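Just so you know, these numbers use all the heavy atoms, side chains as well, and skip hydrogens, waters and symmetry mates. None of the values given here were measured: they were computed from a predicted structure. Naming convention: chains lettered A, B, ... in sequence-line order (proteins, then strands); numbering from 1 in each chain.
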Number of protein chains: 2
Amino acid sequence: MGYKIKSRIWIESDDNVLLGEGRVHLLKAIHETGSLSKGAKSLNISYKKAWGLLDSVNKSAKEPVTINSVGGKGGGGVQLTDYGKSLIETFDEINKNCWKFLDEQVAKFETL
Amino acid sequence: MGYKIKSRIWIESDDNVLLGEGRVHLLKAIHETGSLSKGAKSLNISYKKAWGLLDSVNKSAKEPVTINSVGGKGGGGVQLTDYGKSLIETFDEINKNCWKFLDEQVAKFETL
DNA sequence: ATTCGTTATGTCTGTACAAATATAGCGAAT
DNA sequence: ATTCGCTATATTTGTACAGACATAACGAAT
């Protein structure tokens, strides 16, 4: 069995982290549940942690990634903007390309 | 100013981490100083941490990465094997290729 | 005005991890 | 046999971070 190569990528904006794998997971969960608290629960992370992540995402993005409504019918909720949706799509695409690229490169280790 | 993309890659062998950026740094410092304790000092990490890293590297590599001599003239020392040298060269090469690849991909974010 | 479920925060506590400290063991050279 | 500087570990201490807990604020609907 040979060596495996792994990677983690993230996007920064003005030295703040905008997107990483964890944040993308959270955004997807929010998209599916329509709520930050439910999304956090589905990922088994605390609401507080999820809230901090989402807050950080929105603060470092150039356009709003989510629209958060507080109060009202059902108590409120969180919805992804179109910009938010395209962000996670692009991230996933780049991530997959990166894995593919690295899988080709790792062969270099086998012949050492 | 646009978005920046960052990455971290590492090599695994049987689910153990063989090489990452920190380990490669350490191996380079050992190569320059000829000693684990001096290498650790030059990186401002504790000897214990450095020792643990190096031990892990040698345990997960398929061939020895360093030759550790204990006792004797000068108290001993650590030297990289040829295999060790080629490992860090290959890692650096792949890492640079990956950065270049990702820098091209990040443009996709600017047009969203 | 009251209820409701959510977002939005602060605070307190526990714990995993890192750092510091201590010490044993080694072997060539004198 | 003793010295020396290093590798090789164990043990203790410190700390950043995550998690748990608590609570305020919100606004639509009744």
> For the base of D:dT30, is there a side-chain donor-acceptor partner from A:Lys73 under 3.5 Å away?
Replying inline: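 Side chain to base: no pair present.
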> Do the side chain of A:Asn58 and the main chain of A:Thr66 share a donor and acceptor less than 3.5 angstrom apart?
Replying inline: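 Yes: the side chain of A:Asn58 pairs with the backbone of A:Thr66.
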Quick one: [X] [atom1] to [N] [atom2], roughly how many Å, whole number?
| X | N | atom1 | atom2 | value |
| --- | --- | --- | --- | --- |
| B:Ile67 | C:dG27 | CD1 | P | 16 Å |
| B:Asn58 | D:dT7 | CG | P | 13 Å |
| B:Asn44 | C:dA18 | CG | P | 16 Å |
| A:Lys48 | D:dT23 | NZ | C1' | 12 Å |
| B:Leu36 | D:dT9 | CG | P | 12 Å |
| A:Ile30 | C:dT7 | CD1 | C1' | 11 Å |
| A:Lys41 | D:dG19 | NZ | C1' | 15 Å |
| B:Leu53 | D:dT7 | CG | P | 14 Å |

When you measure from the side chain of [X], which nucleotide among [options] comes out closest?
| X | options | result |
| --- | --- | --- |
| B:Val70 | C:dC26, C:dG10, C:dT6 | C:dC26 |
| B:Tyr47 | C:dT11, D:dA8, D:dA10 | D:dA8 |
| B:Ser35 | D:dC6, D:dC26, D:dA10 | D:dC6 |
| B:Lys38 | C:dT11, C:dT7, D:dC6 | D:dC6 |

> Got a second to check how far A:Lys59's NZ is from A:Ser13's OG, nearest 0.5 Å?
Replying inline: 14.0 Å
>> Rounded to the nearest 0.5 Å, what separates atom CG in B:Leu80 from atom CG in B:Asp82?
In response: 9.5 Å
> Is the closest basic N to carboxylate O distance between B:Asp92 and B:Lys28 below 4.0 Å?
Replying inline: yes
> Is B:Asp14 paired with A:Lys4 through a side-chain N to carboxylate O contact shorter than 4.0 Å?
Replying inline: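 No, this pair does not count.
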OP1 or OP2 of [N] versus the side-chain N and O atoms of [X]: is any pair under 4.0 Å?
| X | N | result |
| --- | --- | --- |
| A:Asn68 | C:dT6 | no |
| A:Ser37 | C:dT7 | yes |
| B:Trp51 | D:dA8 | yes |
| A:Ser69 | C:dT7 | no |

>> What contact category does A:Lys49 fall into here, base, sugar-phosphate, or nothing, at under 4.0 angstrom with non-hydrogen atoms?
In response: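 Sugar-phosphate contact only.
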> Checking all strands, does B:Ser46 fall into the base, sugar-phosphate, or nothing category for heavy-atom contacts under 4.0 angstrom?
Replying inline: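 No contact at all - B:Ser46 keeps every heavy atom at 4.0 Å or more from the nucleic acid.
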> Does A:Gly76 or B:Gly75 map to a spot on DNA chain C nearer the 5' end, using the closest nucleotide for each?
Replying inline: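 It is A:Gly76 whose nearest nucleotide is closer to the 5' end.
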